[in-house]
Structure formats: structure tokens, C-alpha cells
K.L.:
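One structure is given below, represented as C-alpha cells, and several questions about it will come after.
Position 1 is the first residue of the sequence, and the numbers go up from there. Computed from a predicted structure; not experimentally measured.
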Amino acid sequence: MEVAEEIEIAIVGGGICGLATALALHRKGLRSVVLERSESLRATGAGITIRTNGWRALDELGVASKLRQTAMPLQGGGETRCLKRMDLITALAESLPRGTIRLGCQALSVRLDSSTSSPSLHLQNGSSIKAKVLIGCDGTNSVVADFLDLNPSKLFSLSEVRGFTMYPSGHNFGNHFVQVKGDKCTVGRIPIHNKLVYWFVTQKVMYGRGGLEVPKDPELIRQLTLEAIKDFPSEMIDMISKSDTESLSNTRLRYRSPWDILVGNFRKGSVTVAGDAMHTMGPFLGQGGSAGIEDSIVIARCLAQKLAENYDKKSRARHIMMMKVEEALDKYVKERRMRLVLLSTQTYLAGLLQQDSGLIVKFVCIILMTALFSDMTRHTRYDCGCL
């Protein structure tokens with residue numbers, strides 16, 4: 001029987017949150033391994049909006065200055081830029097020590113070792129990994145979240161098409177984020193730099209609760225999107241007609257309900273989650289990615305505060321070390337919970353207002369939005385603190 005490999009800190013998922021978590025740990029002197037199921041680092045969704053709070057976290061990781069050179073600041077309060085997702089993933093990955101990222105490592109299940117209480121990962125290739133700390137950054141369909149018995153994420157009655165359009169001679173959109181709303185869909189346009197724009201089309205899904213498979217073929221996505229926006233301004237239609245086919249994606253929008261975040265058990269032993277595995281949310285505030293980067297700062301800080309001084313000392317009893325890990329993860333969850341409850345509540349209400357929720361539901365949503373979030377941009381001024 002093959003002996004399981006032992007790793008100090010294992011991170012499942014090589015997306016934005018997984019790489020940011022590995023980098024935050026590295027900055028604090030803690031080694032980790034990122035297990036990514038794909039054979040290469042990939043980015044779905046084309047662009048990602050980073051608000052002021054996200055840039056604070058990226059500054060802590062040491063990658064913000066480089067990324068600011070790739071995207072123009074958008075008009076409005078605070079610092080907001082739209083990045084190419086691949087630029088962000090590349091900047092994070094290139095800042096990690098060689099060997100941190102392991103590609104083609106798909107986690108199938110998690111269990112606790114009966115003798116040591118350490119988490120053990122079973123991989124698709126038949127091998128196993130034992131970790132002192134396991135952090136699930138494996139997205140909406142998270143194996144680690146399943147181990148924690150978290151309720152599954154839910155579907156909005158909305159889908160979103162996203163893509164890039166290049167203007168070789170430059171565009172004249174300035175640095176303005178523009179949204180045009182119709183009866184059944186909303187088109188948004190965000191410039192990345194003076195020749196590239198990111199756009200999205202959010203559409204109401206009219207079929208049943210379980211939903212149907214959204215189209216994946218890029219050309220079909222483009223044609224269906226053009227049909228949906230045929231009554232929109234001609235510059236919007238032209239933008240999507242000339243979009244980069246390879247950048248197109250279509251996805252159903254999902255969320256983890258605010259009440260699940262309020263009461264969810266986000267730690268079991270030395271296992272926890274971060275990013276979409278913990279708090280997948282709609283894109284209506286532009287905070288999903290930034291919230292995951294905030295997670296990475298907080299979890300690294302909490303672990304370092306408890307472990308850094310004695311992490312490599314053989315004299316440290318194992319049970320005391322594991323107790324310190326659990327204390328650190330509890331502190332992380334406690335610090336993040338209310339921030340995430342507020343973000344998820346605001347995005348949930350915004351999503352209900354966009355989909356066909358009925359007049360009474362929408363009226364209640366407007367009242368709650370007014371009462372709870374009268375300062376609509378307060379979430380951008382949040383500071384997750386220093387590493």
C-alpha cells in the first residue's frame with residue numbers, strides 16, 4: 001500500500017484565492033503546496049474588478065504595483081480597476097517559490113486520519129496526501145466544503161456572458177464603467193486600458209428551477225448574446241460582435257446564502273475553506289475575487305501568529321501544534337464571518353432585484369437595501385489589515 005506524502009500546508013485549488021493564500025503564507029515564512037486539478041493554470045470569466053479593499057490586500061501580497069501597470073483606474077470613489085484574470089493569476093504564480101504549484105492533482109475526497117486526526121486527501125491518480133493544515137480554495141463545487149458538510153451553493157435565476165473586445169486603434173470610452181439595462185438583460189462595459197474592454201451581459205433565466213446546461217461553444221454564446229441585446233445601443237452590439245472568441249464564457253450565477261455563512265461550520269480539525277468554496281457570491285458588487293484575497297491575508301496572519309515561532313521545532317509536541325492550528329483557524333473564521341455575511345447579504349439582495357422575483361419580494365429587497373446598505377460603497381473601504 002502506497003505511503004501518503006506528508007505536507008505541512010496543502011491548498012486545494014490553484015485559482016486566485018488558492019494562489020493568493022499560498023503567497024500570503026510564503027510572505028509569512030510558511031511553506032505550502034497548491035494542488036490544482038487542471039494541467040495548466042487557467043482563468044475563466046475574462047476580467048475581474050478589484051475595488052479599493054482588494055488593492056489593499058494585493059499591496060500586502062507585494063503584487064499590486066505590477067498589476068496597476070496593466071489596467072487604468074476607473075472613474076469614481078476610491079481605487080477601482082478591471083484586470084485580466086490571467087494577469088492576476090500569473091502575477092501571483094510568478095511570485096511563489098518553484099515547486100509550490102502542482103498541476104494535474106485533482107482531489108476526490110477528504111478524511112481525517114484516525115490515528116493523528118490530520119486531514120488526508122485522496123487524489124484522482126490514486127495517491128494520498130497527509131497535511132497538517134488543509135485549506136480548500138476549490139471553488140463552488142468544493143470537495144473540502146463537502147467534507148465540512150456545508151450546504152451547497154444555490155442558483156440565481158440569472159446567467160452571465162463575459163468577454164473581451166480589443167480596439168486596435170483605441171476606443172473612446174474613457175475610464176467610465178457603463179451599464180445599460182433592458183427588460184431581460186443588462187450589458188456592462190469596463191475599460192481595462194485604452195485598447196481593451198471587458199464586458200458582461202447578465203440575463204434572466206426563464207426555465208425551471210434546476211436550470212438547463214448553458215451553452216459552452218463560444219460562437220453559439222456570441223450569437224445568442226447578440227440576439228438577446230438586439231434592441232440595445234449599436235456600440236454595445238458592435239462591441240460584442242467584435243469580441244475575442246476565445247475569451248467568451250457563459251455561466252449560471254450562484255451564491256451561498258447569507259444565513260449559511262452566518263451559521264456555517266467553516267472548520268473541522270485543521271481543515272477550512274476560503275474564497276468561493278466559503279462564500280461564492282454574485283458579481284453585483286465586484287467583490288468576489290477581492291473577498292477571496294482578503295481571506296488569504298487573514299488566514300496567513302492568523303496561522304503565522306500562532307505557529308511561526310515554533311513551526312519547525314522538533315521539541316514542539318504534535319498535539320500542542322495541532323491545537324495551535326485549530327485556534328488559528330477559529331480566529332480566521334471569526335474575523336471573516338461578519339464581513340462575509342454583510343457582503344453576501346448585499347449581493348443576494350442585488351441579485352433578487354435583478355431576477356424575476358415578484359413585486360413583493362423586490363419591494364422588501366429595496367427596503368432592506370435602504371435600511372442596511374444606505375452607504376452603497378462602504379464595502380470598498382474595508383481594510384483586512386496587514387499580513
K.L.:
Quick one: pull up CZ in Arg68 and CG in Leu83 and give me the separation to the nearest 0.5 Å.
P.N.:
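Going from the CZ atom of Arg68 to the CG atom of Leu83 covers 10.0 Å.
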
K.L.:
How about His379 and Gln346: do any of their side-chain heavy atoms sit closer than 4.5 Å?
P.N.:
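Side-chain contact under 4.5 Å: yes.
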
K.L.:
Tyr255: which residues meet the ring-ring contact (aromatic ring centres under 6.0 Å, His included) condition with it, sequence neighbours left out?
P.N.:
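Result, ring-ring contact (aromatic ring centres under 6.0 Å, His included) vs Tyr255: Phe156, Tyr348.
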
K.L.:
Using only heavy-atom distances, determine whether the side chains of Glu227 and Gln223 contain a donor-acceptor pair under 3.5 Å.
P.N.:
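Distance-only check fails for Glu227 and Gln223.
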
K.L.:
Pairing donors with acceptors under 3.5 angstrom, does anything connect the side chains of Asn125 and Gln106?
P.N.:
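Short answer, no.
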
K.L.:
His279 versus Leu343: any side-chain heavy-atom pair under 4.5 Å?
P.N.:
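No, side chains not in contact.
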
K.L.:
Check step by step if side chain to side chain contact (heavy atoms under 4.5 Å, CB included) holds for Val197 and Ile190.
P.N.:
CA-CA 6 Å; Val197 298; Ile190 311 176; over 6 Å; no

K.L.:
Can any side-chain N or O of Arg256 pair as donor or acceptor with the backbone N or O of Asn151 at less than 3.5 Å?
P.N.:
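A pair under 3.5 Å: yes.
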
K.L.:
Any chance you could lay out the side chain to side chain contact (heavy atoms under 4.5 Å, CB included) test for Lys132 and Ser270, step after step, and finish with the verdict?
P.N.:
CA-CA 7 Å; Lys132 289 181 180 176; Ser270 59; 5.8 Å; no

K.L.:
If hydrophobic clusters are built from ILVMFWY residues whose side chains come within less than 4.5 Å, do Tyr198 and Val187 share one?
P.N.:
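Different hydrophobic clusters.
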
K.L.:
Between Arg85 (side chain only) and Gly47 (backbone N and O only), is there a donor and an acceptor less than 3.5 Å apart?
P.N.:
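Yes; at least one donor-acceptor contact below 3.5 Å.
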
K.L.:
Are side-chain heavy atoms of Arg222 and Leu220 found at a separation under 4.5 Å?
P.N.:
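Heavy-atom side-chain distance check fails, nothing below 4.5 Å.
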
K.L.:
To the nearest 0.5 Å, tell me how far Asp295 CG sits from Cys137 SG.
P.N.:
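So the CG of Asp295 and the SG of Cys137 are separated by 8.0 Å.
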
K.L.:
What is the distance from atom CG of Leu342 to atom CE of Met338, rounded to the nearest 0.5 Å?
P.N.:
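Rounded to the nearest 0.5 Å, the CG-CE separation comes to 5.0 Å.
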
K.L.:
So, the side chain of Arg301 versus the backbone of Cys386: is there a donor-acceptor pair under 3.5 Å, distance only?
P.N.:
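Such a contact is found between Arg301 side chain and Cys386 backbone.
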
K.L.:
Has Arg378 got more than 12 heavy atoms of other residues, nucleotides or ligands less than 6.0 Å from its CZ?
P.N.:
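Check fails, neighbour count at 12 or below.
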
K.L.:
Can you check whether Leu196 reaches Tyr167 side chain to side chain, under 4.5 Å on heavy atoms?
P.N.:
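Counting from C-beta outward, Leu196 and Tyr167 never come under 4.5 Å.
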
K.L.:
Is a donor from one side chain sitting under 3.5 angstrom from an acceptor on the other, for Trp199 and Thr165?
P.N.:
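Side chains of Trp199 and Thr165: pair found under 3.5 Å.
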
K.L.:
Would you say the side-chain atoms of Lys324 pair up with the backbone N or O of Leu303, donor to acceptor, closer than 3.5 Å?
P.N.:
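No; zero donor-acceptor contacts below 3.5 Å.
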
K.L.:
Kindly give the heavy-atom pair with the smallest separation between Gly385 and Glu60, and that separation in Å.
P.N.:
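Taking every non-hydrogen atom into account, O-CG, 3.9 Å.
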
K.L.:
If hydrophobic clusters are built from ILVMFWY residues whose side chains come within less than 4.5 Å, do Ile299 and Val341 share one?
P.N.:
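They do share one cluster, since a chain of ILVMFWY contacts under 4.5 Å joins Ile299 to Val341.
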
K.L.:
Got a second to check how far Thr52's OG1 is from Ile50's CD1, nearest 0.5 Å?
P.N.:
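Reported to 0.5 Å precision, the distance equals 11.0 Å.
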
K.L.:
For Lys154, does the NZ atom sit with more than 12 other heavy atoms under 6.0 Å from it, leaving out its own atoms?
P.N.:
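Yes - once you tally the heavy atoms of other residues, nucleotides and ligands closer than 6.0 Å, there are more than 12.
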
K.L.:
Check the hydrophobic clustering (I, L, V, M, F, W, Y; side-chain heavy atoms under 4.5 Å; chains of links allowed) and say if Phe373 and Leu368 are grouped together.
P.N.:
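Yes: a chain of side-chain contacts under 4.5 Å links Phe373 to Leu368.
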
K.L.:
Is Phe177 linked to Val180 within one hydrophobic cluster, defined over Ile, Leu, Val, Met, Phe, Trp and Tyr using a side-chain heavy-atom separation of less than 4.5 Å?
P.N.:
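In one cluster with Phe177: Val180, no.
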
K.L.:
Only pairs at least two apart or in different chains count here, so list each side chain to side chain donor-acceptor pair (under 3.5 Å) that has a residue in residues 168-181.
P.N.:
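As it turns out, the side chain to side chain donor-acceptor pair (under 3.5 Å) pairs with a partner in residues 168-181, which skip direct neighbours, are Gln75-His176.
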
K.L.:
Going from CD1 on Ile135 to CD1 on Ile11, what distance comes out if it is rounded to the nearest 0.5 angstrom?
P.N.:
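Answer for the CD1-CD1 pair, Ile135 versus Ile11, is 5.0 Å.
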
K.L.:
What about Tyr332 and Phe266, are their ring centers closer than 6.0 Å?
P.N.:
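Ring centroids of Tyr332 and Phe266 are no less than 6.0 Å from each other.
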
K.L.:
Does the pair Lys242/Asp238 count as a salt bridge with the N-to-O cut at 4.0 Å?
P.N.:
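Asp238 and Lys242: salt-bridged.
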
K.L.:
Hey, mind stepping through Glu94 and Lys66 against salt bridge (charged side-chain N to carboxylate O under 4.0 Å, His left out) and telling me if it holds?
P.N.:
CA-CA 12 Å; Glu94 289 180 348; Lys66 181 178 180 181; 3.1 Å; yes

K.L.:
For the backbone of Ala91 and the side chain of Ser95, can you confirm whether one donor and one acceptor N or O come within less than 3.5 Å of each other?
P.N.:
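Answer holds: yes.
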
K.L.:
Short question: side chain of Arg81, backbone of Trp55 - any donor-acceptor pair under 3.5 Å?
P.N.:
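Not a single qualifying donor-acceptor pair exists.
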
K.L.:
Ignoring hydrogens and angles, tell me if any N or O in the side chain of Thr370 forms a donor-acceptor pair with the backbone of Ile366 under 3.5 Å.
P.N.:
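Looks like yes, one N/O pair under 3.5 Å.
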
K.L.:
Would you call Arg56 and Cys384 a side-chain contact if the rule is heavy atoms closer than 4.5 Å?
P.N.:
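No; the side chains remain at least 4.5 Å from each other.
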
K.L.:
Does CZ in Arg37 sit with more than 12 non-hydrogen atoms of other residues, nucleotides or ligands closer than 6.0 Å?
P.N.:
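No, the 6.0 Å shell around CZ holds no more than 12 heavy atoms from other groups.
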
K.L.:
Would you say that more than 12 heavy atoms from the other residues, nucleotides or ligands in this model lie under 6.0 Å from the CG of Asp217, or not?
P.N.:
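Enclosed: over 12 neighbouring heavy atoms sit under 6.0 Å from CG of Asp217.
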
K.L.:
Would you check if Pro191 and Leu74 make a side-chain contact, meaning some heavy-atom pair closer than 4.5 Å?
P.N.:
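Yes, side chains in contact.
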
K.L.:
How about CD on Glu219, more than 12 heavy atoms from neighbouring residues, nucleotides or ligands closer than 6.0 Å, or not?
P.N.:
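It does: Glu219 CD has more than 12 such atoms within range.
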
K.L.:
Give a yes-or-no answer on whether the side chains of Asn250 and Glu160 include a donor-acceptor pair shorter than 3.5 Å.
P.N.:
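Glu160 and Asn250 do not have a side-chain donor-acceptor pair below 3.5 Å.
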
K.L.:
Quick one, Arg162 and Ser249 - any side-chain contact, counting heavy atoms below 4.5 Å?
P.N.:
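With C-beta onward as the side chain, the pair touches.
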
K.L.:
Under a 3.5 Å distance rule, please check whether Ser357 uses its side chain to pair with a backbone N or O of Leu352 as donor and acceptor.
P.N.:
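Checked: pair present.
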
K.L.:
Going by heavy atoms in the side chains, are Lys130 and Glu5 under 4.5 Å from each other?
P.N.:
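Answer no - side chains too far apart.
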
K.L.:
Given side chain to side chain contact (heavy atoms under 4.5 Å, CB included), test Leu349 with Phe284 step by step and report yes or no.
P.N.:
CA-CA 10 Å; Leu349 294 174; Phe284 316 112; over 6 Å; no

K.L.:
Using modelled atom types and a 3.5 Å cut-off, is there a donor and acceptor pairing between side-chain atoms of Ser243 and backbone atoms of Thr245?
P.N.:
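Looks like no, no N/O pair under 3.5 Å.
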
K.L.:
Tracing side-chain links under 4.5 Å among I, L, V, M, F, W and Y, which residues wind up in one group with Phe363?
P.N.:
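Direct or chained contacts put Phe363 with Ile367.
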
K.L.:
Hey, is Arg336 close enough to Glu294 for a salt bridge, meaning N to O under 4.0 Å?
P.N.:
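Salt bridge between Arg336 and Glu294, a charged N being under 4.0 Å from a carboxylate O: yes.
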
K.L.:
Could you tell me which non-hydrogen atom of Ser241 sits nearest to which non-hydrogen atom of Leu226, and how far apart they are?
P.N.:
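So the two residues come closest at OG-CD2, 3.5 Å.
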
K.L.:
Quick check for you: to the nearest 0.5 Å, what is the distance between Lys204 atom NZ and Asp356 atom CG?
P.N.:
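Rounded to the nearest 0.5 Å, the NZ-CG separation comes to 4.0 Å.
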
K.L.:
Going hydrophobic residue to hydrophobic residue with side-chain gaps under 4.5 angstrom, can you get from Ile192 over to Met236?
P.N.:
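Hydrophobic grouping puts Ile192 apart from Met236.
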
K.L.:
May I ask you to check whether Thr272 and Arg267 show a side-chain donor-acceptor distance below 3.5 Å?
P.N.:
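No, no side-chain donor-acceptor pair sits under 3.5 Å.
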
K.L.:
Does Asp138 use its side chain to pair, donor to acceptor, with the backbone of Val143 at less than 3.5 Å?
P.N.:
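Yes, Asp138 side chain to Val143 backbone: donor-acceptor pair under 3.5 Å.
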
K.L.:
Measure across Ser153 and Thr140 and return the closest heavy-atom pair with its distance rounded to 0.1 Å.
P.N.:
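Taking Ser153 first and Thr140 second, the nearest heavy atoms are OG-CG2, 3.1 Å.
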
K.L.:
Examine Arg189 relative to Phe173 and say whether NZ or CZ is less than 6.0 Å from the centre of the six-membered ring and inside a 45° cone about the ring axis.
P.N.:
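Verdict for Phe173: a cation-pi partner in Arg189.
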
K.L.:
Please test Val33 against Ile9 for side chain to side chain contact (heavy atoms under 4.5 Å, CB included), starting from the C-alpha separation and ending with a verdict.
P.N.:
CA-CA 6 Å; Val33 172; Ile9 304 175; over 6 Å; no

K.L.:
Please determine, by modelled atom types, if Asp87 and Thr90 share a side-chain donor-acceptor pair under 3.5 angstrom.
P.N.:
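Asp87 vs Thr90: no donor-acceptor pair found between side chains.
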
